[in-house]
Chemist: 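Next up is a structure, given as structure tokens.
Fair warning: this is a prediction, and the values are worked out from it, not measured in the lab.
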There are 2 protein chains.
Amino acid sequence: MALSAERRQRILDAATDVFCQSGFGRASMDAVARGAGVSKATLYNHFASKDVLFQAVVEQVSGRFIAGIDTPGRKDQPIRQSLEEIGREFLAMLLDARNLAAVRLIIGEVQGNPEVGQKFYHAGPEKALKALEAFFVSRREAGEWTASDPQRSARDYVAVLRGNLFWRALLGLPVDSTTVERHVRQAVSLFLRAHGVEG
Amino acid sequence: MALSAERRQRILDAATDVFCQSGFGRASMDAVARGAGVSKATLYNHFASKDVLFQAVVEQVSGRFIAGIDTPGRKDQPIRQSLEEIGREFLAMLLDARNLAAVRLIIGEVQGNPEVGQKFYHAGPEKALKALEAFFVSRREAGEWTASDPQRSARDYVAVLRGNLFWRALLGLPVDSTTVERHVRQAVSLFLRAHGVEG
DNA sequence: GTCTATAGATCGATAGAC
DNA sequence: GTCTATCGATCTATAGAC
């Protein structure tokens, strides 16, 4: 007999797969139960309804969007190189097939349930923005960044980083990895030129 | 008796509302028929299946994303002013509640049906990009724009223009109009500074 | 072409045994 | 807590009358 916590996690993982693959509307609780290897009664013992299960899936998924911004060991690099590293990690995370599927799932439910999208934004992307803001603050204190508003710097950089690539990826257009690498370098260059850093 | 073409359009409009409001999965053909004021049999006489109806909705909706870029009468303005006007129109279109709902609908269906998103991109946003590219070409011929790659200029400008605002709006976060106006001016400034135009 | 009525399948959720 | 079996509702799609 599996422990209850393990079972709950198995159900949650199966639900994430099913919801991301089919969307909330098409996803069936039968498919979730089958994927988790439990009966529907057990499923409903852990999650009272399909909506509750969906909420739990979104909460779990949000955590994947806070990755790889303020990793250590960047203090000794020129800011261009740091921004490129951050950009590569950030964009790889955004373009990961599983994360793209999760974002599509959430966006698809926003119209009928705006709170889902708002919770996701606050639990995921917004925290990544805060981390990037902290990066610009520390670089400003080190005298390597002169822009006065780190929050705006963070916002602008992620916006340039997403660029048109993320928009295309969201809509299902193919994205190859060499394009991503070129995109990151061009994004950093655009962002730095806008702040008076030539290269 | 309404003409067939009128009825078809009524059904299509009702279907757009229902799909955008509920998403494909939750939307029911009963609701579409009710919204259009016809019976389900009539509905199925015009559209063979729910999928066919959805395709038609997406095609119709795509046209709303080609608006307001190469409008006439901008030849005598400084490029900053032209870009701000284009940006205002473009962003107002993107942030329009009906268009946001449509984009959410389409993105939500990409996972299960990638062609839908690709068709939408090619029929809508890509054409807007082409129009913006033509704008930069004409400005370059007039000697008012020096960047060598108009395609990239167009891509970069729409990316900066969407910024973080469109991402937040997609996720259902509130967007007030004074924020939009400030966003447009900041986006144009960032874009122009990156191209060596100070202001 | 348009209607009413309904078939046939599937879904979310639950009852009751163990 | 977990299972099997099933209820009642709802959905897509169609049959048949007009």
Chemist: If only side-chain N and O atoms of A:T42 are considered, is one of them under 4.0 Å from the OP1 or OP2 phosphate oxygen of D:dC3?
Modeler: yes
Chemist: Between B:F54 and B:F47, is the ring centre distance below 6.0 Å?
Modeler: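 No, the ring of B:F54 stays outside the 6.0 Å limit from the ring of B:F47, centre to centre.
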Chemist: Could you check which residues of residues 11-22 of chain A get a heavy atom under 4.0 Å from DNA chain C? Sort them by number, please.
Modeler: none
Chemist: Could you give the CZ-to-C1' distance, from A:R10 to D:dG1, as a whole number of Å?
Modeler: 15 Å
Chemist: I'd like to know if B:D156 and B:R152 make a salt bridge, using a cut-off of under 4.0 Å between side-chain N and carboxylate O.
Modeler: yes
Chemist: Quick check against the 3.5 Å criterion: does A:Y157 have a side-chain atom that pairs as donor or acceptor with the backbone of A:L83?
Modeler: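 Side chain of A:Y157 to backbone of A:L83, a donor-acceptor pair under 3.5 Å: yes, one is there.
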Chemist: Check for me whether the distance between the ring centres of B:W145 and B:F135 falls short of 6.0 Å.
Modeler: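 So the answer is no for these two rings.
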Chemist: Which letter, B, S or -, goes with each nucleotide of nucleotides 11-18 of chain D from 5' to 3', with contact meaning a protein heavy atom under 4.0 Å?
Modeler: SBBBB---
Chemist: State whether A:R80 and A:E85 are salt-bridged, where the test is any N-O pair (Lys NZ or Arg NE/NH1/NH2 against Asp/Glu carboxylate O) under 4.0 Å.
Modeler: no
Chemist: Check the side chains of B:T178 and B:D176 for a donor-acceptor pair under 3.5 angstrom, ignoring hydrogens and angles.
Modeler: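 Judged by distance alone, the side chains do pair up.
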Chemist: Round to a whole Å and report the spacing from CG of B:N45 to P of C:dC3.
Modeler: 10 Å
Chemist: Looking at B:H46, does any N or O in its side chain come under 4.0 Å of the phosphate oxygens OP1/OP2 on C:dG1?
Modeler: no
Chemist: Between B:K130 and B:E126 (salt bridge meaning N to carboxylate O under 4.0 Å), is one present in this structure?
Modeler: no
Chemist: Charged N to carboxylate O under 4.0 angstrom, A:E84 versus A:R185?
Modeler: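 Between A:R185 and A:E84 there is no salt bridge, as every charged N stays at least 4.0 Å from the carboxylate O atoms.
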Chemist: Please pick, from C:dT2, D:dC3, D:dG1, the nucleotide with the shortest atom-to-atom distance to any side-chain atom of B:R7.
Modeler: C:dT2
Chemist: Would you please say whether a donor-acceptor pair under 3.5 Å links the side chains of A:T16 and A:R98?
Modeler: no
Chemist: State plainly whether the residues B:R140 and B:E133 are in salt-bridge range, i.e. N to O under 4.0 Å.
Modeler: no
Chemist: Between CG of A:N99 and CG of A:L105, what distance do you get to the nearest 0.5 Å?
Modeler: 12.0 Å
Chemist: Could you identify which residues of residues 105-116 of chain B place a heavy atom less than 4.0 Å from some atom of DNA chain D, listed by residue number, or say none?
Modeler: none
